[in-house]
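Input: a single structure, listed below in structure tokens.
Naming convention: chains lettered A, B, ... in sequence-line order (proteins, then strands); numbering from 1 in each chain.
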Amino acid sequence: MADRYSPREIERKWQERWERDGLYRTPDDDPRPKFYFLTMLPYTSGDLHIGHWYAMAPSDAAARYRRMRGYNVLFPMGFDAFGLPAENAAIKHGIHPKKWTYDNIERMRGQLKTMGAMFDWSREVITCDPEYYKWNQWFFLKMYERGLAYRALAPANWCPSCQTVLANEQVLPDGTCERCGTPVTRRDLEQWFFRITAYADELLDHSKIQWPEPVVVMQKNWIGRSEGVEIAFALEVPGVDEKEIRVFTTRPDTIYGVTFMVLAPEHPLVPKITAPERRREVEEYIELARRETEVQRLSTAREKTGVFTGAYCRNLLSGELVPIFIADYALMWYGTGAVMGVPAHDQRDFEFAQKFGLPVKVVVAPPGWDGSPLEEAYEGPGTMVDSGPFTGMPSEEGKGAVARYVEEKGWGRRRVMYRMRDWLISRQRYWGTPIPIVYCDECGTVPVPEDQLPIVLPEDVDFRPTGESPLARHEGFVNTACPRCGRPARRETDTMDTFMDSNWYFMRYLSPHYDQGPFDPELGRKWLPVDQYTGGAEHAVMHLLYARFFWKVCRDLGLVQGDEPFLRLFNQGQILGPDGQRMSKSRGNVVAPDEQVERWGTDTFRCYLMFLGPWEHGGPFTFQGIQGIWRWLNRIWNVALATPRTDEAADPLPLRKLLHRAIQRATDDMEKFRFNTLIATLMELTNSLTRALQEGPVHPRAWEEAVDSLLLMLAPLAPHIAEELWERRGRPYSVHQQSWPSYDPELARPEEVTLVVQVNGRLRDRLTVPADISEEEAKQLALGSERVRPHIGERPVRRIIYVPGKLVNIVVG
RNA sequence: GCCGGAGUGGCGGAAUGGGCAGACGCGGCAGACUCAAAAUCUGCUGAGGGGCCGCCCUCGUGCCGGUUCGAGUCCGGCCUCCGGCACCA
């Protein structure tokens, strides 16, 4: 018997050997078909946690499998290195964000290497490196040129006590500052946006990608397209120039039910139309709304609030005059910032009307309605009533009819609205990509010329929170010369949202040090788009939507071909603590992967994560089960190195059939990322081989074929032990350069099947029969069964149902 | 509230173009090896009941109903948990 399985020794040994040999360097000039396998890069938080392992280890197995299937596989890794936690660490512990980040990268890179993954480290990308973010700035300029980057006034979270802008993550759920507990207010600042809404309709089209349906649905909901009509209401306030208020509605069929009008508090018409005697109350309400955080304001549980402006407007269709209110449930950034109040057919309007004693006028009769007052808004379809010329029309039809009428009269037009807003990319933060813009008193907003990039983030910055954006206090950074006129000018001091970094990192992997553009276009043509992307579902809307948008911009810039960056997507589940809760330091349920690797070895830990359950499910990490994987790998060790009693005369078929069935199932599972059942299949194969070993002489070539195939199928899952055993069995280095075993369908097909015999649908007997048994034979066999006959008794057989290879069901009585 | 996803033994989970429920593993029980323990190996392990105990019967996939010869799987109505969105006119 060979010596014992000792993961610590062999794992270090092979990791060193693989690195020395450049086994996982992906050549760009390889004749095999390319396959770009991408897994999301980690944020440089400090330690590689179990979630990273759960995301990456199965991805590695799948990438290795692709490689064994004859593809030239690119499987790169990098670090998402800009972001708030680095800055917070600096504020809290006085460590410079750069040092904090690079120290973390150093540690995490080491941890990643213990995984034994086939990452091509020569392509590593670190997003906080000027070599990388230079191209963030370059992209920004391209977008600015095309009008896709613009500056506008937008509200930001503002802490009046800290005198600083806060990121959304720094605002606690109760709307207070995470540092000082002061209620956060909103403050309007000039900020930069990317015009993602210009691509809204294209982003709604997921027909060219194979993504999990839930992610597609989430993106569609996020974009939130709705078709409706913009309609004018006549404004008849003396001394006001504006003669109309425009509203957006998806329910033009309810227009005769309008009993009031609501404007958003920020609506520009409000100060103009407010009656003198209402002015004080209106201003107070506006101030109140301004002080509220978005979270508070959008809370649906709250009772409706609002104030009457004293002004009226006229419904052009009905000719009725209705009062104009302001209320914070009307949102300035959606539609026109004005809502027509139809309490009978909109629950929000209904609640508002109840509160303010406004009339509820039914114009779409619910089926079977007796004319009595409504208890709540009726939002379904019905027959239009009390609606002028449209009375009697089904409301669904009325939508189009009213829209046409309104368009004919020139009172409005059909419009499409989106829930999605443009992407605000400005962050009043230090640790991010500087926005390449200069403000000049003479020339205004001036983009930094390309040849002056990168604008390097200065390191000698006072990033402690003193009430200003850190870069704004750095004289050497802020003060510059206008690129256009040369006169003194000021740099933009905001930095970019870090989602900018993840927009295109997968392009940078192709040529991480290329300096003529974001990536070598020739390599772009070769490798892009990504064939398979894996990562957490938490990125369903933000990252994955931004990256699709960005790709389409790149396509329009002529940088990439095709419409989508990630052809196939897979979301792994989330790994929980042993208590079934989210892992967190405060709960004390964090499982450190390093300890598990130390104890069991990487191969065992990797396989265990894959064996836990379906990859997309995730679930609690428990310590008991890992033992089972350890035992299994030991059994493989023993089987692979055993010297069986062999006999040329032994029948090779049983072993071969067993093996080829296993290969068939394993291949199918690999294709579908079903690692848990894949491992179960390999366990069964291992157990069968162990039994064959004990039972007697085996056919020598069938045995060798079976053991070699087992190791080949093990290789993507547990790369180190597979390599070690492959070598010990005298096979040529490396197991990872071999082909995935193929199966012979003839051998994989079972010769005998178990035929289930039922009487009236209840299981009564199992018969082992040849797979090619005829229907007639099967029925006769079933009827003749000793176990079946008593259940038929004297009752007549009415029907016999036969499912080939599966069952016979005898219907009696 | 709306939109997704999921509910199967003591536990993680298998099995869905309807057809053997519980593969594989953990845990548990019993045995072998051992002075003993660990490790390893073998057997049993959904619940209930009956036996002429190497056998049989009944029940059983969140709940209620339906379709079907047959439902974990399909349909209708609920319940619970998880995730996302949440006054989007």
Side-chain angles (χ1 to χ4, degrees), chain A residues 4 212-222 224-226 228 247-251 254 262 264 295 297-302 304 327-331 333-342 345-349 351-352 417-421 537-538 540-541 571 573-574 576 580 582 608 611-614 616-629 631-632 634-635 638 665 674 676-684 686-687 690 694 753-766 787 790-791 798-803 805-813:
Chain A
R4 293 169 61 100
E213 200 50 33
V215 176
V216 172
V217 170
M218 267 194 256
Q219 292 204 341
K220 285 194 184 342
N221 291 343
W222 182 266
R225 181 191 154 98
S226 55
V247 300
F248 175 73
T249 180
T250 55
R251 292 296 304 274
T254 65
V262 178
V295 177
R297 179 162 165 184
L298 294 183
S299 160
T300 45
R302 236 172 34 147
K304 294 278 176 293
D328 61 6
Y329 83 89
L331 307 167
W333 53 262
Y334 189 79
T336 60
V339 179
M340 60 183 212
V342 186
H345 307 294
D346 182 292
Q347 189 55 28
R348 296 156 303 179
D349 297 343
E351 286 163 21
F352 191 82
M417 290 289 170
Y418 301 93
R419 198 196 80 109
M420 181 174 68
R421 287 179 272 178
E538 66 272 22
V541 278
N571 288 134
Q574 195 180 34
L576 304 170
R582 268 179 89 118
Y608 181 54
F611 186 61
L612 275 175
E616 65 270 30
H617 278 194
F621 181 94
T622 54
F623 294 99
Q624 295 106 330
I626 196 163
Q627 184 83 247
I629 296 289
R631 287 178 189 147
W632 171 54
N634 275 282
R635 284 203 300 277
N638 293 332
R665 287 165 58 190
R674 288 197 306 222
N676 57 330
T677 49
L678 165 55
I679 289 173
T681 297
L682 296 187
M683 281 175 171
E684 285 184 78
T686 310
N687 294 345
T690 307
Q694 289 162 350
V753 292
T754 304
L755 199 62
V756 168
V757 184
Q758 298 179 333
V759 177
N760 285 351
R762 304 180 96 98
L763 176 75
R764 296 304 177 189
D765 198 7
R766 294 161 221 252
R787 295 182 182 172
H791 293 283
R798 291 188 189 277
R799 249 174 102 183
I800 301 179
I801 290 158
Y802 176 66
V803 182
K806 292 271 168 99
L807 64 55
V808 178
N809 186 14
I810 302 161
V811 185
V812 299

Could you write out each protein N or O paired with an N or O of nucleotides 48-51 of chain B at a distance under 3.5 Å?
none

Output one line per pair: protein atom, nucleotide atom from nucleotides 82-85 of chain B, and distance, for all N/O pairs under 3.5 Å.
{"unit_1": "B/C85", "atom_1": "O3'", "unit_2": "A/R419", "atom_2": "NH1", "d": "3.1"}

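- The shortest side-chain heavy-atom distance between A/M340 and A/T254 falls under the 4.5 Å cut-off.
- Counting any heavy atom pair closer than 4.0 Å across all strands shown, A/E684 reaches sugar-phosphate atoms only and no base atom.
- Here A/P620 lies out of heavy-atom contact (under 4.0 Å) with every strand.
- Remark: A/T677 is not in phosphate contact with B/C24, judged by side-chain N or O atoms under 4.0 Å from OP1 or OP2.
- Nucleotide B/G25: paired with B/C11 (Watson-Crick or G-U wobble, both distances less than 3.5 Å).
- B/G51 sits 38 Å from B/G66 when the C1' atoms are compared, rounded to a whole Å.
- Glycosidic torsion of B/G9 falls within 90° of 0, placing the base in syn.
- Side-chain atoms of A/R635 and A/N687 form a donor-acceptor pair, as typed in the model, at a separation below 3.5 Å.
- Proximity of A/R635 to the phosphate of B/G25: a side-chain N or O atom is located under 4.0 Å from OP1 or OP2.
- Remark: A/R787 is in phosphate contact with B/C56, judged by side-chain N or O atoms under 4.0 Å from OP1 or OP2.
- OP1 or OP2 of B/G25 lies within a sub-4.0 Å distance of a side-chain N or O belonging to A/N687.
- When heavy atoms are screened at a 4.0 angstrom cut-off, A/I801 is found touching base atoms of the nucleic acid.
- Residue A/K304 places a side-chain atom within donor-acceptor reach of the base of B/C87, judged by atom type and a 3.5 Å distance cut-off alone.
- Backbone-only engagement by A/R631 is indicated by non-hydrogen atom pairs under 4.0 Å involving sugar-phosphate atoms exclusively.
- Distances shown here put a side-chain N or O of A/H791 below 4.0 Å from the OP1 or OP2 atom of B/C57.
- Here B/C24 presents its C1' atom at 11 Å from CH2 of A/W632, a figure rounded to the nearest Å.
- Atom CZ in A/R762 sits roughly 16 Å away from atom P in B/C56 (whole-Å rounding).
- Using a 4.0 Å heavy-atom criterion, one finds that A/L763 contacts the sugar-phosphate atoms exclusively.
- When the side-chain nitrogen and oxygen atoms of A/R799 are compared with OP1 and OP2 of B/C69, one or more of them lie within a distance under 4.0 Å.
- Base engagement by A/V339 is indicated by at least one non-hydrogen atom pair under 4.0 Å involving a base atom.
- In this structure, A/T622 reaches neither bases nor backbone, as no heavy-atom distance under 4.0 Å exists between it and the strands shown.
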